[in-house]
J.: 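Before anything else, here's the structure in question.
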Number of protein chains: 4
Amino acid sequence: MVTPNPDRRSERARRAILDAALELCRTDTYAGLTMEGIAKSAGVGKQTLYRWWPSKAAILLEAIEERAANTLEFPDTGDLAADLHTQLHALVRTVTDPLFAAYTKGLIAAAQSDPTISEALLKALIRPRVQLCIDRLTKAQHAGEIRPEVDLPTVVELLYGPVYYRLLLHTAPVTTTQVNTTLNLVLTAIRP
Amino acid sequence: MVTPNPDRRSERARRAILDAALELCRTDTYAGLTMEGIAKSAGVGKQTLYRWWPSKAAILLEAIEERAANTLEFPDTGDLAADLHTQLHALVRTVTDPLFAAYTKGLIAAAQSDPTISEALLKALIRPRVQLCIDRLTKAQHAGEIRPEVDLPTVVELLYGPVYYRLLLHTAPVTTTQVNTTLNLVLTAIRP
Amino acid sequence: MVTPNPDRRSERARRAILDAALELCRTDTYAGLTMEGIAKSAGVGKQTLYRWWPSKAAILLEAIEERAANTLEFPDTGDLAADLHTQLHALVRTVTDPLFAAYTKGLIAAAQSDPTISEALLKALIRPRVQLCIDRLTKAQHAGEIRPEVDLPTVVELLYGPVYYRLLLHTAPVTTTQVNTTLNLVLTAIRP
Amino acid sequence: MVTPNPDRRSERARRAILDAALELCRTDTYAGLTMEGIAKSAGVGKQTLYRWWPSKAAILLEAIEERAANTLEFPDTGDLAADLHTQLHALVRTVTDPLFAAYTKGLIAAAQSDPTISEALLKALIRPRVQLCIDRLTKAQHAGEIRPEVDLPTVVELLYGPVYYRLLLHTAPVTTTQVNTTLNLVLTAIRP
DNA sequence: GAGTAATCGAGACGGTACGTCCCGTCTTGTT
DNA sequence: AACAAGACGGGACGTACCGTCTCGATTACTC
């Protein structure tokens, strides 16, 4: 594999590819997405795809990352319960949007058989958000809103796990009701 | 779709197919599994596969279901904490077994783009086990070990969600330590 | 291969098979004819086909043989030219009938890659008719209507060859005009 | 059907395919020839076959056309009888060659159930040669070697028909003896 | 008339080839 | 040099038939 020179890269092609990928994923399923289809629908040579991305998952990941960039924040009003409530409701909104859900589920599915995707997904989307959450929880713990012996990463998993559980296992739709109930129990568990 | 006559079904072929599917999935990845490969390695015509199963996921599901049949139980010693502990550790063991993990992750991935698989997975594997868990929790709630206003399905999600969260998002390996910590927090949340 | 007992053969099945074969060949092409299709449409098990015939060509051959049985005659009015004219026009009629043409062409095509069919075709249909023609020509030669040194099998080929030439090479439709012109030239060639 | 760009066509692949087709047809029968087999033995993807040819018959036709290109001539010594004799003997030689016979018979067989093949066969092989023959006969007719009222296309059929008759109906092997006898009779019929 | 053995209908089986889709690489001008 | 275009060798797809095989249920001879 030659290493292409990013300076000469065509921004037009990049835009067309990312847009086409998202668009196709919306009309079809993630499984129905193909490199060939993206190229055709973006008016781009297949070589251009393979030059800059190793797989359709990588393309989609970049497209999503771009769109999700502006959601990288965690509220901090000083009231932990309120902030978690806000943030979990935002997550429900994201995850409920059929478009975004398609990408999410497609990518997580792809990550099961491709460690590269898995790592990229973690790095680009998951870990930054988890970190923000942990930062907020740490602050709360210092403020005495959380018992000092509580393991914060576990709290993150208790808050987010149930949402992904429903999302990926399809046991039930993800709802605001769910996160409210969950949040109440978790708060009960971690409060002094 | 013709509707084949199950009475004339060859048990020999069925066995060979299920075994070959599991075996191939063990040596290769779920994504590398193909109908063609299963047929070849089972010494079976492709038509025989398509006659009885709509997809490789369906084959794998049946194979797993069969193997998992004997794990359909939930301990009941009268001590809720101990029983949950036992059951969660069993889950960790299952999910940590590389073979079983491959199937699980492959199937859950497939379920993301195929509602048929999703439903079959729920029906065959998930729901029966969730129900057993809820039954045990109900008994505990009646026995006063859980506050009466606690929503039990939410408790199930709090217990299992974090495990699937790690498993599918690959944030961290699933461990007994994790479930212990999780369980302690959950018990704190639900105890009177 | 067991040798089935013809005494116990079901005449009903035989009839249904031959009729179905002809019928299918009429609605579809010879190439589109299948053992599976014949069995299904005759309401008969595939085994019954294979028990009594080695191939679809053999079935068709028997069906045609049956229908052609009553055309096994050669006119003999004492006037050779008139008799050949009559017979060639009959051939044109047969060969022009779309149904019969389909069989003929299908079988001749099949004969190209299956010596069994070729031999059966010769024995059942071609040779008997050629013989009748030669008999008639012999009589004419004795009567002095054909020069004594003329080779009669060659005459048969001169009369029939052009018809099959058009039929199988599709250079032009087989017509009565054609056979008239041909006949005139052949008569010129063989007359004293 | 997409319309591929002939400019980008790989001559290497084309050659390998035509050669493989001829070779396979030589070792096996026409009926045993498969697109899959040709692809495999030519070291070529099946798509490449289907991109440029609609069927195995079309491939074979092109291969034969190529090889037969140099035989497109008709002798003209001024002596019609001698020239026809020369040409018919050449035909016998061609048709007796087991390799060429296989193609010929296979293609003619295929033409019976595929009008596309039929037309291509006519256009590429039959009609050009028939025309040359008619040209030669026309010259002879002008030279007074053939009676003016004789229909020349009929003469062609009288000369070639018997050869194809034997070839396709397998009544007898095609021989030089046959064409000599035939030719004598035809000459008798058409001479002034 | 009952027993029994072969044929029957049906169709599942292990296979082969079909024609299509997409993969990832490559080649050929164009910008 | 990156681009649009798309041909290439390859692998898997899901389907259609092949010819063989089992399975009761007739069915027609034998005793």
Side-chain angles (χ1 to χ4, degrees), chain A residues 1-2 4-10 12-13 16 32-37 39-40 42-52 54-56, chain B residues 1-10 12-13 16 32-37 39-40 42-52 54-56, chain C residues 1-2 4-10 12-13 16 32-40 42-52 54-56, chain D residues 1-10 12-13 16 32-40 42-52 54-56:
Chain A
M1 185 53 152
V2 291
N5 180 350
D7 293 348
R8 312 200 64 158
R9 183 169 187 181
S10 159
R12 184 187 55 70
L33 194 66
T34 65
M35 290 298 251
E36 202 128 325
K40 174 86 67 177
V44 140
K46 280 164 67 178
Q47 191 66 255
T48 304
L49 263 59
Y50 287 105
R51 194 171 358 247
W52 303 110
S55 65
K56 64 173 184 173
Chain B
M1 185 50 155
V2 288
T3 48
N5 180 349
D7 293 348
R8 310 234 165 187
R9 186 167 187 180
S10 157
R12 184 187 56 68
L33 194 66
T34 64
M35 290 297 251
E36 200 127 329
K40 170 103 46 175
V44 141
K46 277 164 63 177
Q47 196 75 71
T48 302
L49 265 58
Y50 287 105
R51 194 166 4 242
W52 303 111
S55 65
K56 65 173 183 173
Chain C
M1 183 56 149
V2 288
N5 181 351
D7 294 347
R8 313 201 62 158
R9 185 169 185 180
S10 158
R12 185 187 56 68
L33 194 67
T34 64
M35 290 298 250
E36 203 128 328
I38 296 173
K40 174 87 65 175
V44 140
K46 280 166 66 178
Q47 191 67 255
T48 303
L49 264 59
Y50 287 104
R51 195 174 351 248
W52 304 109
S55 65
K56 65 173 183 173
Chain D
M1 182 56 153
V2 290
T3 49
N5 180 350
D7 293 348
R8 310 234 163 183
R9 184 168 186 181
S10 158
R12 183 186 55 67
L33 194 67
T34 64
M35 291 297 250
E36 200 125 330
I38 296 173
K40 170 105 42 174
V44 140
K46 278 165 59 177
Q47 193 77 73
T48 302
L49 265 59
Y50 287 105
R51 202 181 338 258
W52 303 111
S55 64
K56 65 173 183 173

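Because only heavy atoms are used, hydrogens play no part in the values below, and waters and symmetry mates are left out as well, while side chains stay in. Chain identifiers are assigned alphabetically (A, B, ...) following the order of the sequence lines, protein sequences preceding nucleic acid strands; residue numbering begins at 1 within each chain.
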J.: Residues in side chain to side chain contact (heavy atoms under 4.5 Å, CB included) with D:Thr34, at least two apart?
T.: D:Glu36
J.: Quick check on E:dG11: is either OP1 or OP2 less than 4.0 Å from any side-chain nitrogen or oxygen of B:Arg9?
T.: no
J.: Kindly write out the residues that satisfy side chain to side chain contact (heavy atoms under 4.5 Å, CB included) with C:Ala39, not counting sequence neighbours, or none if the list is empty.
T.: C:Lys46, C:Leu49
J.: With respect to the phosphate group of F:dC8, does any side-chain polar atom (N or O) of D:Trp52 fall under 4.0 Å of OP1 or OP2?
T.: yes
J.: Could you list all N or O pairs between the protein and nucleotides 18-24 of chain E that sit under 3.5 Å apart?
T.:
| unit_1 | atom_1 | unit_2 | atom_2 | d |
| --- | --- | --- | --- | --- |
| E:dC18 | OP1 | D:Met35 | N | 2.8 |
| E:dC18 | OP2 | D:Met35 | N | 3.2 |
| E:dC18 | OP2 | D:Glu36 | N | 2.6 |
| E:dG19 | OP2 | D:Tyr50 | OH | 2.5 |
| E:dG19 | O5' | D:Tyr50 | OH | 3.4 |
| E:dG19 | N7 | D:Lys46 | NZ | 2.9 |
| E:dG19 | O6 | D:Lys46 | NZ | 2.7 |
| E:dC21 | N4 | D:Gln47 | OE1 | 3.4 |
| E:dC22 | N4 | D:Gln47 | OE1 | 3.4 |
| E:dC23 | OP1 | A:Met35 | N | 3.0 |
| E:dC23 | OP2 | A:Met35 | N | 3.3 |
| E:dC23 | OP2 | A:Glu36 | N | 2.9 |
| E:dG24 | OP2 | A:Tyr50 | OH | 2.7 |
| E:dG24 | N7 | A:Lys46 | NZ | 3.3 |
| E:dG24 | O6 | A:Lys46 | NZ | 2.6 |

J.: Please find the pair of heavy atoms, one from D:Ser10 and one from D:Ala13, that lie closest to each other, and give the distance.
T.: OG-N, 3.0 Å
J.: Starting at the 5' end of DNA chain E and moving along, which residue's nearest nucleotide shows up first, B:Ala39 or C:Ala42?
T.: C:Ala42
J.: Quick one: list whatever passes side chain to side chain contact (heavy atoms under 4.5 Å, CB included) with A:Asp7, sequence neighbours left out.
T.: A:Asn5
J.: Please name the pair of heavy atoms, one in D:Ala42 and one in D:Ala16, separated by the smallest distance, quoted to 0.1 Å.
T.: CB-O, 3.6 Å
J.: Looking only at the side chain of C:Ser10 (C-beta and beyond, no hydrogens), which of the listed nucleotides E:dA12, E:dC8, F:dG9 gets closest?
T.: E:dC8
J.: What residues, two or more places apart in sequence or in another chain, satisfy side chain to side chain contact (heavy atoms under 4.5 Å, CB included) together with A:Arg9?
T.: A:Arg14, A:Trp52, A:Trp53
J.: According to a strict under-4.0 Å criterion, is C:Arg12 in side-chain N/O contact with OP1 or OP2 of E:dG9?
T.: yes
J.: Quickly work out the C:Leu49 CG to E:dA10 C1' distance and round it to whole Å.
T.: 13 Å
J.: What are the atom names and distances for every N/O pair under 3.5 Å that joins the protein to nucleotides 25-31 of chain F?
T.:
| unit_1 | atom_1 | unit_2 | atom_2 | d |
| --- | --- | --- | --- | --- |
| F:dA28 | N3 | C:Arg8 | NH2 | 3.4 |

J.: Closest-nucleotide mapping onto DNA chain F: is D:Lys40 or A:Gly43 further toward the 5' terminus? I mean the 5' end.
T.: A:Gly43
J.: F:dA16 phosphate, OP1 or OP2: any side-chain N/O from B:Arg51 under 4.0 angstrom?
T.: no
